[in-house]
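One structure is given here, and the rest of the page talks about it.
Every heavy atom of this structure was used, including side-chain atoms; hydrogens, water molecules and symmetry mates were not.
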Amino acid sequence: MTWSISSCFITLVVLFLWRIEDSAEACRCAPVHLQQAFCSADVVIRAKVVGVTAVSGNTNYDVQQIKMFKGPDRVIHAIFTSSSSASCGVTLELTKEYLFTGRLNTDGRMHIVMCDFIQYWEDLNGTQRKSLTQRYQSGCNCTIIRCSSLPCPVSAPDECLWTDWLLADGQSGPQAKYSACLKRSDGSCAWYRGMAPSKK
């Protein structure tokens, strides 16, 4: 009987630890280009974090909106996220300015998760900042395909291959930081860096 109880206890501990590990790995995000994040988001804003409170398993960050690039016709004063990293919750720094992409809940509140594009504003370069107002929106009818290994074929004319990952540059590569995938006059899409699409 003693052996049986000990075995059951060990089994429960193993199962408990397995559940913890499973939960810790529950949040997995595929890297996205800023243009993809912009196009898929309900809200894209530049904001400064000015306060934080815990609300029923969520964290509520009070923010001072500096500029809205995409979203509702009103100012965002707060952003909600899960308090658990296993549920893709995000931890933000007070007094820091960020670029946020996120969703609007049915109650109108902005919600963010780890898989959204959230970055210190100061870390964005001039091209990325300018593209938030002038280029990314015009490329939302194009599709960016992340290419991390060859072969990596284009299956449709409206696709752009994101090849920074072939050189392990990822989100620090030239396409990520300086290019936008835009539609040409013939309906196909291509990367453009610091220039408008050709009219030919």
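Cation-pi geometry between Lys96 and Tyr120 is met: under 6.0 angstrom from the ring centre, within 45 degrees of the axis.
Rounded to the nearest 0.5 Å, atoms CZ (Phe69) and CD (Gln137) are 13.0 Å apart. Taken to the nearest 0.5 Å, the CG atom of Leu99 stands 12.0 Å off from the NZ atom of Lys67. To the nearest 0.5 Å, the span separating OG1 on Thr101 from CD1 on Ile45 amounts to 10.0 Å. Distance check: Arg46 CZ to Gln119 CD gives 13.5 Å after rounding to the nearest 0.5 Å. Going from atom CD of Gln35 over to atom CD of Gln175 covers 11.0 Å, rounded to the nearest 0.5 Å. Here Phe80 contributes atom CZ and Arg109 contributes atom CZ; the two are 4.0 Å apart, rounded to the nearest 0.5 Å.
In this structure, Cys152 and Leu161 approach most closely via the heavy-atom pair O-CD1, 2.8 Å. Between His33 and Gln36, the shortest heavy-atom contact is N-OE1, 2.7 Å. When all heavy atoms of Thr127 and Lys177 are compared, the pair lying nearest together is CB-O, 3.8 Å. Closest approach of Met110 to Val43, counting heavy atoms only: SD-CG1, 3.7 Å.
With Cys140, the cysteine Cys39 has an SG gap short of 2.5 Å.
For the pair Asp62 and Asn60, the minimum side-chain heavy-atom distance is below 4.5 Å. Counting heavy atoms from C-beta on, the side chains of Lys48 and Tyr98 never come closer than 4.5 Å. Side-chain contact between Val49 and Phe100 is present, with heavy atoms from C-beta onward closer than 4.5 Å. Looking at heavy atoms from C-beta onward, Tyr61 lies in side-chain contact with Thr91 at the 4.5 angstrom threshold.
Relative ring orientation between Tyr136 and Phe38 is described as tilted, the plane-to-plane angle lying within the 30° to 60° band.
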- request: Show your reasoning for whether side chain to side chain contact (heavy atoms under 4.5 Å, CB included) applies to Arg135 and Leu182.
  value: CA-CA 8 Å; Arg135 296 209 296 175; Leu182 305 176; 4.3 Å; yes
message: Using side chain to side chain contact (heavy atoms under 4.5 Å, CB included), reason through Asn141 and Asp158 one step at a time and then give a plain yes or no.
response: CA-CA 8 Å; Asn141 50 3; Asp158 64 348; over 6 Å; no
message: Test side chain to side chain contact (heavy atoms under 4.5 Å, CB included) on Val32 and Ile144; report intermediate values, then the result.
response: CA-CA 9 Å; Val32 294; Ile144 297 174; over 6 Å; no
Evaluation steps, disulfide bond (SG atoms under 2.5 Å apart), between Cys27 and Cys115: CA-CA 8 Å; Cys27 186; Cys115 301; 4.4 Å; no
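A side-chain donor from one of Thr59 and Ser83 sits under 3.5 Å from a side-chain acceptor of the other. At a cut-off of 3.5 Å, with distance as the only test, a side-chain donor of Asp164 or Trp162 sits close to an acceptor on the other residue.
For the pair Ser87 (side chain) and Gly89 (backbone), a donor-acceptor distance under 3.5 Å is absent. Without hydrogens or angle criteria, Asp116 side chain to Ala37 main chain gives no donor-acceptor distance under 3.5 Å. Side-chain atoms of Lys70 come within 3.5 Å of backbone atoms of Ala41 as a donor-acceptor pair (strictly under, hydrogens ignored). Using a distance-only test at 3.5 Å, with no hydrogens or angles considered, no donor-acceptor pair links the side chain of Thr81 to the main chain of Val113. No side-chain donor-acceptor contact under 3.5 Å links Gln134 to the backbone of Ser131. The backbone N or O of Gly108 sits nowhere less than 3.5 Å from a side-chain atom of Asn105 that would complete a donor-acceptor pair.
No continuous path of ILVMFWY side-chain contacts below 4.5 Å connects Phe117 to Ile145, so the two sit in separate hydrophobic clusters. The hydrophobic cluster containing Val50 does not contain Val52, counting ILVMFWY residues as joined when their side-chain heavy atoms lie under 4.5 angstrom apart, directly or transitively. Under the 4.5 Å side-chain contact rule for hydrophobic residues, Leu34 and Trp121 share a cluster.
Of the candidates Val75, Ile76, Val44, Ile76 is the only one forming a side chain to side chain contact (heavy atoms under 4.5 Å, CB included) with Met68. Considering Cys181, Cys189, Cys142 as possible partners of Cys160, the one that fulfils the disulfide (SG to SG under 2.5 Å) test is Cys181.
The side chain to side chain donor-acceptor pair (under 3.5 Å) contacts involving residues 143-157 comprise Ser155-Glu159, where partners must be two or more places apart or lie in separate chains.
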